[in-house]
A.B. asks: 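One structure, as structure tokens, below. Some questions next.
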Amino acid sequence: MTQTALPEYVPLAEVIRSGMRESVHYGAVVGLSASGRITHARGPVHQPMFPRSAAKPFQALAMLRAGAPLEGPSLAIAAGSHGGEDIHAAQAERILAAAGLTPDALRCPADVPGGKDARLAFLRAGREPERLLMNCSGKHAGMLAACAHRGWSTEDYLDPAHPLQVLVRETIEDVCEEPVAHTAVDGCGAPQLAVSLAGLARGLWRMRTAPPGGHERAVVDAMSSHPEYVSGTDRTDTELMTRMPGLVSKIGADGVLLLGAATGETVAVKISDGDAQERARTLVALDALRTLGVDVSPVQDRLRVDVLGGGAPVGEVRPV
């Protein structure tokens with residue numbers, strides 16, 4: 001195991017219950033101006049971290065660079081973490097079918113839908129977990145489509161030494177402008193590559209500000225144009241992109257969120273405790289985006305989260 005010093009995370013959000021501070025969420029946040037310069041930074045933004053699913057736009061870019069025929073909804077879901085709704089499973093299956101493959105080719109774990117309504121319908125129907133329903137199945141289907149296009153093997157497409165994963169690594173190092181610091185296994189089984197929080201933000205900034213017509217812009221344009229395929233009903237990415245047209249939002253496990261405004265300002269957040277209830281990262285990211293001068297009034301209500309007592313609001317989670 002790689003031994004490193006504990007990051008010097010800083011307070012980013014506080015939990016107030018009935019007028020008293022109950023707890024504090026620590027982490028790091030970095031903000032890039034429209035020109036790509038770091039103008040807002042708190043905490044260890046230059047230390048390696050795992051972007052988790054916030055790296056999916058870069059992985060989708062690598063798929064396009066490999067020649068995968070992805071566009072519109074198929075490209076959005078390849079860069080997304082969907083909720084397992086019917087439209088998501090159908091889209092992932094269409095990507096596979098176009099590549100001459102079936103869901104049996106997927107190497108992500110079988111799972112149940114992550115979206116509340118979809119999960120309830122799934123349980124009521126007495127269904128068993130399926131790989132198509134796993135939130136990363138769109139990414140895996142896109143990876144397989146890239147492999148099929150290039151004639152690469154599909155059985156071992158998750159091996160870090162596979163040509164596709166080598167291309168993913170090269171793509172991440174290219175757009176983030178720094179070497180990968182560590183390689184791990186993500187929750188879906190794909191390689192997970194560590195970069196700094198600043199590098200993560202820089203990667204999305206480069207894609208968001210790239211000239212129209214190229215692969216970089218194709219990915220982020222697909223995400224912002226088809227937000228329902230990036231996450232789904234009542235889920236953070238879809239909600240933010242729907243309410244703020246032109247925004248690119250990609251959440252990552254263990255407290256990560258990456259936002260890119262239509263005008264180029266970009267924010268990346270890491271909440272150190274993992275933010276399991278997702279009550280800190282969004283308000284911290286939006287507050288940073290506001291600090292950069294972006295109008296976040298369409299989602300003003302997401303700058304705080306109610307703290308409940310007896311079923312009624314008695315406090316709030318708010319930026320520090």
Side-chain angles (χ1 to χ4, degrees), residues 9-17 22-32 40-43 45 49-57 79-83 114-116 135 197 200-201 204-205 208 220 223-224 227-263 265-308 313 315-320:
Y9 288 121
V10 301
L12 296 179
E14 61 182 356
V15 182
I16 304 298
R17 179 179 295 276
E22 181 173 29
S23 56
V24 176
H25 289 281
Y26 283 67
V29 55
V30 64
L32 308 186
H40 179 74
R42 298 181 62 193
V45 302
M49 47 79 69
F50 289 126
R52 301 300 296 273
S53 285
K56 285 181 178 176
S81 301
H82 66 75
K116 180 180 178 181
N135 75 90
L197 201 62
L200 178 65
L204 183 62
W205 176 84
R208 198 72 187 85
V220 294
M223 293 174 70
S224 62
E228 69 276 17
Y229 286 97
V230 178
S231 54
T233 305
D234 298 325
R235 291 164 72 86
T236 298
D237 291 327
T238 295
E239 179 192 351
L240 294 181
M241 289 190 286
T242 299
R243 296 175 62 187
M244 285 186 67
L247 181 75
V248 173
S249 174
K250 189 66 203 75
I251 205 165
D254 263 280
V256 181
L257 180 59
L258 182 60
L259 299 179
T263 45
E265 294 88 352
T266 307
V267 165
V269 172
K270 165 67 177 180
I271 302 299
S272 65
D273 60 20
D275 195 29
Q277 295 181 325
E278 291 187 28
R279 65 181 187 175
R281 74 189 84 174
T282 301
L283 61 86
V284 169
L286 290 175
D287 183 57
L289 210 56
R290 179 174 60 178
T291 299
L292 295 174
V294 177
D295 178 15
V296 299
S297 58
V299 290
Q300 182 72 26
D301 57 300
R302 293 301 303 267
L303 286 166
R304 65 182 299 279
V305 174
D306 284 336
V307 170
L308 302 180
E316 64 179 349
V317 185
R318 62 193 184 194
V320 174

A.B. asks: Specify the closest pair of heavy atoms between Ala201 and Val30, including all atoms of both residues, with the distance to one decimal.
C.D. replies: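 Result for this residue pair: CB-CG1, 3.9 Å.
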A.B. asks: Keeping the roles fixed (side chain from Asp295, backbone from Ser297), state whether a donor-acceptor pair exists under 3.5 Å.
C.D. replies: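 It does hold such a pair.
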A.B. asks: Taking C-beta and beyond as the side chain, do Gln300 and Arg290 meet within less than 4.5 Å on heavy atoms?
C.D. replies: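 A side-chain contact under 4.5 Å exists here.
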A.B. asks: So which atom in Leu257 and which in Ser249 form the shortest heavy-atom distance, rounded to 0.1 Å?
C.D. replies: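 Closest heavy-atom pair between Leu257 and Ser249: CD1-OG, 3.8 Å.
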A.B. asks: Has the side chain of Arg17 got a donor or acceptor atom that lies under 3.5 Å from a matching backbone atom of Ser23?
C.D. replies: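 No.
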A.B. asks: Is any side-chain heavy atom of Met49 closer than 4.5 Å to a side-chain heavy atom of Val256?
C.D. replies: yes
A.B. asks: Looking at every non-hydrogen atom in both residues, tell me the closest pair between Ala13 and Leu283 and how far apart they are.
C.D. replies: CB-CD1, 4.1 Å
A.B. asks: Apply side-chain contact (heavy atoms from CB on, under 4.5 Å) to residues Asp301 and Arg243 and explain how you reach the verdict.
C.D. replies: CA-CA 11 Å; Asp301 57 300; Arg243 296 175 62 187; 2.4 Å; yes
A.B. asks: Specify the closest pair of heavy atoms between Gly260 and Leu204, including all atoms of both residues, with the distance to one decimal.
C.D. replies: N-CD2, 3.7 Å
A.B. asks: So how far is it from Lys56 NZ to Met223 CE, rounded to the nearest 0.5 Å?
C.D. replies: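 One gets 10.0 Å once the value is rounded to the nearest 0.5 Å.
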A.B. asks: I'd like to know if the side chain of Thr238 and the backbone of Gly232 have a donor-acceptor N/O pair within less than 3.5 Å.
C.D. replies: yes
A.B. asks: Which pair of heavy atoms, one from Ala54 and one from Pro57, lies closest together, and at what distance?
C.D. replies: O-CD, 3.3 Å
A.B. asks: So do the side chains of Val294 and Leu286 get within less than 4.5 Å of each other, counting heavy atoms only?
C.D. replies: no
A.B. asks: What verdict does the side-chain contact (heavy atoms from CB on, under 4.5 Å) test give for Leu258 and Thr266, after you've listed the backbone C-alpha separation in whole Å, the side-chain angles of each residue and the deciding distance to 0.1 Å?
C.D. replies: CA-CA 8 Å; Leu258 182 60; Thr266 307; 4.3 Å; yes
A.B. asks: Where the side chain of Lys270 meets the backbone of Ala28, is there a donor-acceptor pair that is under 3.5 Å apart?
C.D. replies: no
A.B. asks: State whether the number of non-hydrogen atoms from other residues, nucleotides or ligands found under 6.0 Å of Asp234 atom CG is greater than 12.
C.D. replies: no
A.B. asks: When you measure from the side chain of Arg281 to the backbone of Asp275, do you find a donor-acceptor pair of N or O atoms at a distance under 3.5 Å?
C.D. replies: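 Flag set: sc Arg281 to bb Asp275 pair under 3.5 Å.
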A.B. asks: From Arg208 CZ over to Thr263 OG1, what is the distance, rounded to the nearest 0.5 angstrom?
C.D. replies: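 Here the rounded value is 8.5 Å.
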A.B. asks: Grab the two heavy atoms, one from Ala268 and one from Leu197, that are nearest each other, plus how far apart they are.
C.D. replies: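 Shortest heavy-atom separation between Ala268 and Leu197 comes out as O-CD2, 3.5 Å.
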A.B. asks: Got Thr282 and Glu278 here, is their nearest side-chain heavy-atom distance under 4.5 Å?
C.D. replies: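 They are not in side-chain contact.
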A.B. asks: Using side-chain contact (heavy atoms from CB on, under 4.5 Å), reason through Glu14 and Val320 one step at a time and then give a plain yes or no.
C.D. replies: CA-CA 6 Å; Glu14 61 182 356; Val320 174; 3.8 Å; yes
A.B. asks: Looking at Leu289, Leu32, Asp287, Val29, which one forms a side chain to side chain contact (heavy atoms under 4.5 Å, CB included) with His40?
C.D. replies: Val29
A.B. asks: Regarding Ser81 and Lys250, do their side chains bring together a donor and an acceptor under 3.5 Å, going by distance alone?
C.D. replies: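 Result is yes, a qualifying pair exists.
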A.B. asks: Is there a donor-acceptor contact under 3.5 Å from the side chain of Ser272 to the main chain of Tyr26?
C.D. replies: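 Such a contact is found between Ser272 side chain and Tyr26 backbone.
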A.B. asks: Go through it in stages, so that I can follow the logic: the residues are Arg235 and Asp237, the test is salt bridge (Lys or Arg N to Asp or Glu O under 4.0 Å), and I'd like the CA-CA distance, side-chain angles, deciding distance and then a yes or no.
C.D. replies: CA-CA 6 Å; Arg235 291 164 72 86; Asp237 291 327; over 6 Å; no
A.B. asks: Could you grab the distance from atom OG1 of Thr236 to atom CE of Met241, nearest 0.5 Å is fine?
C.D. replies: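 Nearest 0.5 Å value for the OG1-CE distance: 10.5 Å.
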A.B. asks: Would you check if Ser53 and Ile251 make a side-chain contact, meaning some heavy-atom pair closer than 4.5 Å?
C.D. replies: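 The answer is no; the side chains never approach within 4.5 Å.
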A.B. asks: To the nearest 0.5 Å, how far apart are CG in Asp306 and CZ in Arg279?
C.D. replies: 12.0 Å
A.B. asks: Using the rule side chain to side chain contact (heavy atoms under 4.5 Å, CB included), only one of Ile16, Leu303, Val307 pairs with Arg318; which is it?
C.D. replies: Ile16
A.B. asks: With rounding to the nearest 0.5 angstrom, report the NE2 to CD distance, His82 to Glu228.
C.D. replies: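 These two atoms lie 13.0 Å from each other.
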